[in-house]
Amino acid sequence: MSARFSPPELAGTDFEHPLLEVSLGPHHPSTHGVFRMDAALDGETVVKLKPVFGYLHRNHEKIAEKCSYLGSMPFTDRLDYMCSLTNNWGYALAVEKLTGLAVPERAEYIRVILGELTRLINHSAVVGFLLQDMGAMGTPLMYAFREREKILDLFESLTGARMMCNYMRFGGCRCDLPPGWIGQARGVAAKFPLFLDEFEALLTGNEILKARTEGVGVLTPELAVNAGVTGPMLRASGVNYDIRKVDAYGVYGRMDFRVPLGERGDVFDRYMIRILEMRESLKILDQALRDIPDGPILNLNAKLRNLRPKPGEAYGRIEGPKGELGFYLISDGGPNPYRYRVRPPSLINLTVLEDMCLGQTIADAVVILGSVDIVLGEVDR
Amino acid sequence: MLNEIAFLLCATLTLAGAVAAMTLRNLVHCALCAAGAFAGLAAIYLQLDAEFAGFAQLLVYVGAVAILIVFTILLTRGAEIQPAASPSWRMGVTVGALVTACLIGSIAASPGLHGSPPQTVQAPVKRIGEQLMNQYVMPLEAIGLLLTAALLGAVIIALREPPKPEPPAP
Amino acid sequence: MNGAGIIKGLVETARNFAGSYHDRERLTTVQYPEETLPPVENARTLPFLVYDGGDAMAGLRCTACMICEKECPPQCIYIIKDQARKPDYMGKMQLQPKVFDIDMSVCMSCGICVEVCPFDAIKMDQVFELSTDDRFAGLLFDNEKLARPNEYFRQLHKTEASEVDARREEEKRKAAAKAAAKPPLPGGVK
Amino acid sequence: MSGADQIFVWIGHEAAGWAPAPAQPLVSAILAIAGIMAVFGACFALTTVAERKILGRMQNRFGPNRVGPYGLFQPLADGVKMLTKEDIVPFSADKTLHFLAPLVLTVPVWLAFAVLPFGRNMSALDLDCGVLFFFAIGSASELAVFMAGWSSQNKYSLVGAMRAIAQMISYEVPLVLSTVPVLMLAGSLSLNGIVAAQGSHTIGGLARWNVFTPWGLAGLLLFLIAATAESNRSPFDLPEGESEIIAGYLTEYSGFKYALFFLGEYLGLFAVTGLAVTLFLGGWHAPFQWLEWAPSWLWFGAKFSVLIFLFIWARATLPRLRLDQLLNFSWRFLAPLSLINLAVAAAWHWTGAWESAAAAPVRWLLCAALIALPAHWLGRALRGRLPPPRKYRYAE
C-alpha cells in the first residue's frame, strides 16, 4: 500500500510530478456545509479542481411548483439561510411583477431597511467565515455573530423568527413595525460602525491577513462578466454593477449611496469591498429609518390565498448580499406556478472557483472558497 | 552490574536497529530503525559520560539525519521497494568489508583489550569548546566550509524553475 | 512598521477580553437553563388551537374548514371533520374537528396557518422545549394536546389578542343586535 | 532564604531520607520525576481549560463553565471522554508505527523537564550541557510526527506530517540560534549557570535579566516566535490547520492516542516556555532585588503563566500563514535576524565597559538600533516591493 496515490486518469501524464488527488469535502471543516472540491495537487499546488455539489439538494423548485404562491414564501427562507429576508423580497418582487401588485411606500421602506440589515449580517459573517478558513480561531466570526445577535433580535421582534422570517407578502409585508422598533433599529445602526472599526482594527492592517489574501484568487473582470458573477465578487473585480442602482427597485432610487469597486479582484479586495459595502448600507439604513412614512403596509388588493395570476411570466431580481438573486416564474393561471426557477448567486459565483484556484496552494483554495461566500442551501436548493 | 545491563540494552538497541535497517522491506521502517540505532549509539556515548558527544549525536543524527533520510524517501518514491539485488552490490560489500576491517583494527588496538584499565577522560563542554576554537579551529572551519558548499550545491540542484500555471481557459 | 497590524489586532482582542468582563454589550451570551431572554411578543414557534370557556374540546374555535390543512406548506396538518355541529361565539352552528393533528417534527414554524385562518382558531405558541425520546408519537400533537385557552393566547401575544378579542366582541354584539332586530321565524330552528 | 522558597527541596530531602542509604539517590530521582509529572500534568489540565476560557473571553463568550466551579473540572470530563472513546486504527494503517507515534512524542517531552530549574535548587538534573540536552530531546518529536502522519495512510495526515517536518526543521534553526547569544554571554550550557548569570542586580535593584538588553529582547521575541512554530500553535498551526487539512497528522487518531498527542504538544509548549523563562527572563529570579522574598518557584510560575497567556492571546488573534510564507519567514527573516542578533550580543559584550550613567543608555540604544534596523530591512525584503496602497473607487 503506497502512501502516494495516483488517480487513474492522471497517472502517467507527467512522471516527474505524480499528482495527489484529494477530495475536500463533503464533510470537510471548511467547505461551508456539504460542498466538495476534488482537487489534484502537485505538492500543495492545485493543478485541477472540480467543484461537486448537490449534497444539499432539497428539490426547492419542484416543491414550489406544487405549492401555492404563498406556500413557497417560507421555503425561500431556507434558500440562503443567512439572509431569509432578501430571499423573501426577491420572490415577492417576482410575484408582484407577475400580478402587477403595487407595494405601499411604507412597506417599501421596511423592505429596504430589512434588506440592508440582512446585508450587514451576511457581510460581517462572511468576513468572519473567511478568517475562520484562514485559521483565525473564529474570533472575527464571534464578533460578527455578536453584532448579528442584535440584528436578529430586531428581526425577531418584528417578524417573530430570527432566521426563517417569512415576512414579506405579495404587495407589502405581513405585519407592521411594533412600537419602538425604529428606535431600536436606529440604536443598532448607530453602534454598528463601532463594530466595523473594531473589525478593521483587528483585520485590515494585519500582515498575516494581507499576506494570505493579496494577489490570491484573482478574478479578472472579463472572466467575472463572462461567467455571470455578480455581487461583491464582481464589484471586487472592478465592474460597476449593482442591481440596487441598475434597477432601482424598491425605494433605492431615493437613497443616496455609493458602490465601492475593487482594484485587483483578489481575496483582499473581496474582503475590503464587503467592509465598504457595510458602511454604505449603514448610510442607506440611516436614510430609510429617517424617511420612513406612515401608511398601510399591505396593498389592499393583495390576496393572501387563492392567488391565481394571469398566465404570463416574470423575472424578479434583487441585489442580494451574495449577488443577483433572481426568481423566474411562469404562471398558467393556476394556483401554483407552472415554472419556478431561482437564480442563486452563490451557485453562479462558484463556477469560477477552479479558475481562481489554479496555481494556488490548497490552503489558498480554502480561502478563495471562503471569499466566494456560498451558502449551500442556495447552491444546491 | 547495572552498568553492564544498561550497556547491553543500548548495544542491543543499536545492533538490532542496524540489522533491521538493513533487512526490512519497507524503506520508511528502515529509516526509523536507523534512527533507533542512532539513538542507541547516543545512549552508549552517554553511558561513557560523554555528554556532549551523546547529545550532539541525538541532535544531529536523530533530529536531522534521520529526518533527512525520511524526507528523501518520501520525495523520491514510494516506501515499498522490490526485493532485487542492487547492481552495485559488489561495491557495497567491498565498502562494508573495509569499514569492518578498520573497526576491528581499532578495537584490537584499544588499550581496553590489553588489560590496561581505560583511563577516564574528563571532557566538560567548556574544554571541548576551547579545544575546538583553538587547536582544531582550522579543521572546524574547513568542515564548515565544506558543509556550506554542499548546502549551496544542494540548493542549486533543487532549484528548478517552478512550472508556470497555465492561463485559465477563456 | 513590521507587525504594526498584528499588534493592533492583539490590542483589539485584549480589549474584548477585558470588555467581556464588564460590558454586557460585548458578552451577549445568555446562559440558557439558568437565564432566559424576556419573551418577545411576536415570536413564534409552533401552532396551537385556541378555545374559549372552560371546556377545551367544546370551546375550540376551530370549525374544521380545512384551509390551514390546504395552505400548510410542509403539509403537516391533518383534519377530519366531525358530523356533529356546535354553536360558535355568534351563535352560528359550525362544524368541529374530530381529529386535528399536527406533526410537529414536520412543522417549520412559518405561521401561514395563522395567517389564513378566518376564525382566529390557530395561533403560534412560544414554547421551545419540546424534545422527546419518541420522535413519532411524541411529536404528533392531537387536538387535546394542541388546545390552549384564550387567556394563554392573550398572555403570549398581547396586542394581537386584544385586537382579536375586540373584533370578536364587535361581531358578537352585531350578531346579537341582528338577532334581536329580526325575531326568529315562528317554529323555525336554525 | 525563606522556608517557603525551599519547601519542595526540603520535602524531597526529608522524604528521600526515609529510604535506606543506597537507595536514596534513586528515591530522590523518583520523587523529582513524580513532582514534575504531577505539577506539569496538573498544569496541562489547567491550561486546557484556561486556554478555552481565555479564548472564549477574547471572543466574547464564556468558555467552558459547566463542569464544576467555573468549569474547572472540564479537563476531568474531557479526560473521561477521551479515555472512553473508541480507539480507531485505520484498516490500512501501519499499526505498529500508528501505536508508537504518540509514545515517541510524549515520552521525550517529559525528559525535557529534567533540566529546567523551576526554583532555587530545584532542577532535577543539573547537566553540564543542559541546553544541548533540551534540544536533543526535542528532536524526537519530529520523528513522532512523521510516524503519525505516515502510518495513518491518509492523504491529509501525510500532508500534515510533511508540513510539520518542514516547519519544525526550519524553525529549529532560529530557535537554536536565538539561544546562542545567551549561552555565549553566560559562558555556560548549563541552565543553572544561565540563571545564575542573570542573578545580579543593577541600579535600582533591577535584575540583570537577558531580556533587558537589546539582544535579549530581540532574542526573546525570536525565540517565542520560533517556539510557537515548534509547538505547532497558531499562527503557525499549519500541520493541524483544520480548515485546510482536517487535523493534519492527527486525522486518524482518536481516544487515548489523540489525548497523548494533545498532552505531548502542550508539554512541548510548556518545556519550551520554561526554557524561554530560564534563558531570557531570569529563570526563577525576581525582577527587583526587593522582591526576592517571594518564593523563587512562584516567580518562575508567574513568568511561565504570562508567556502561556501570550501564546493563547496570539492564538485568539492571528490567522494562519501559508506554508511557503511560513518557510520564507523562517529562512529569510528569523534565521538571518538571529545571526545578526549574535553579532549584536558580541557588540554588547565588547562595550561591557560602558557602565556609566551617560554611556549605558547610549550602549543600549546603539545595540537596539543594530538589531532594529536589520529587522526593518529584512521585513521589507521579506514582503517584497509593496504595491501602492489600494484605493477603492466608488461608483455613484
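Order of the sequence lines sets the chain letters (A, B, ...), proteins ahead of strands, with each chain counted from 1. Below, all heavy atoms of this structure are taken into account, side chains as well, without hydrogens, waters or symmetry copies.
- Heavy-atom minimum distance, A/G71 versus C/I112: CA-CD1, 4.3 Å.
- Here the CZ atom belonging to A/R78 is positioned 7.0 Å from the SG atom belonging to C/C110, to the nearest 0.5 angstrom.
- To the nearest 0.5 Å, atom CE of residue A/M164 and atom OG of residue C/S109 are 10.5 Å apart.
- Using a 4.5 Å cut-off between non-hydrogen atoms, the part of residues 184-199 of chain A that approaches chain C consists of A/K191, A/E198.
- Interface remark: of the candidates C/Q126, C/K8, C/M124, C/M108, C/M108 forms the most heavy-atom pairs closer than 4.5 Å to chain A.
- Between A/N206 atom CG and C/I7 atom CD1 the span is 11.0 Å, to the nearest 0.5 Å.
- For the set A/R162, A/E156, A/E149, A/R305, the count of heavy-atom pairs under 4.5 angstrom toward chain C peaks at A/R305.
- Both the backbone and the side chain of A/S157 come within contact range of chain C, judged by heavy atoms closer than 4.5 Å.
- Once rounded to the nearest 0.5 Å, the distance linking CD of C/E12 with CG of A/L203 reads 9.5 Å.
- Around atom CZ of C/F119, more than 12 heavy atoms belonging to other residues, nucleotides or ligands sit under 6.0 Å away.
- With respect to chain C, the highest number of heavy-atom pairs below 4.5 Å among A/A201, A/G205, A/G160, A/P178 belongs to A/G160.
- Heavy-atom distances place no part of A/I63 under 4.5 Å from chain C, backbone and side chain included.
- With salt bridges taken as basic N to acidic carboxylate O contacts below 4.0 Å, one links A/R169 and C/E115.
- Other residues, nucleotides and ligands place no more than 12 heavy atoms under 6.0 Å from the NZ atom of C/K174.
- With a 4.5 angstrom heavy-atom cutoff, C/Q75 does not touch chain A via any of its atoms.
- Looking at heavy atoms from C-beta onward, C/T28 lies out of side-chain contact with A/E147 at the 4.5 angstrom threshold.
- There is no contact between C/L27 and chain A, counting heavy-atom distances below 4.5 Å.
- Counting heavy atoms of neighbouring residues, nucleotides and ligands inside a 6.0 Å radius, atom CZ of A/R58 exceeds 12 of them.
- Taking CD1 of C/I6 as the reference point, atom CG of A/L202 lies at 11.5 Å (rounded to 0.5 Å).
- For the set C/N16, C/V11, C/L10, C/V116, the count of heavy-atom pairs under 4.5 angstrom toward chain A peaks at C/N16.
- Using a 4.5 Å cut-off between heavy atoms, A/K150 touches chain C through its side chain atoms alone.
- Note on C/T13, C/T29, C/I67: by heavy-atom pairs under 4.5 Å with chain A, the leading option is C/I67.
- Residues of residues 32-51 of chain C lying under 4.5 angstrom from chain A, judged on non-hydrogen atoms, are C/V40, C/N42, C/A43, C/R44 in numerical order.
- Separation of atoms CD (C/E71) and CG (A/L304) is listed at 7.5 Å; rounding is to 0.5 Å.
- Listed options A/L158, A/T204, A/D77 were ranked by heavy-atom pairs under 4.5 angstrom with chain C; first place goes to A/L158.
- The neighbour count for C/Q31 CD, taken as heavy atoms of other residues, nucleotides or ligands under 6.0 Å away, is above 12.
- The candidate from C/G111, C/P74, C/P73 with the greatest count of non-hydrogen atom pairs under 4.5 Å with chain A is C/P73.
- Looking at C/R26, the atoms closer than 4.5 Å to chain A (heavy atoms on both sides) sit in the backbone and in the side chain alike.
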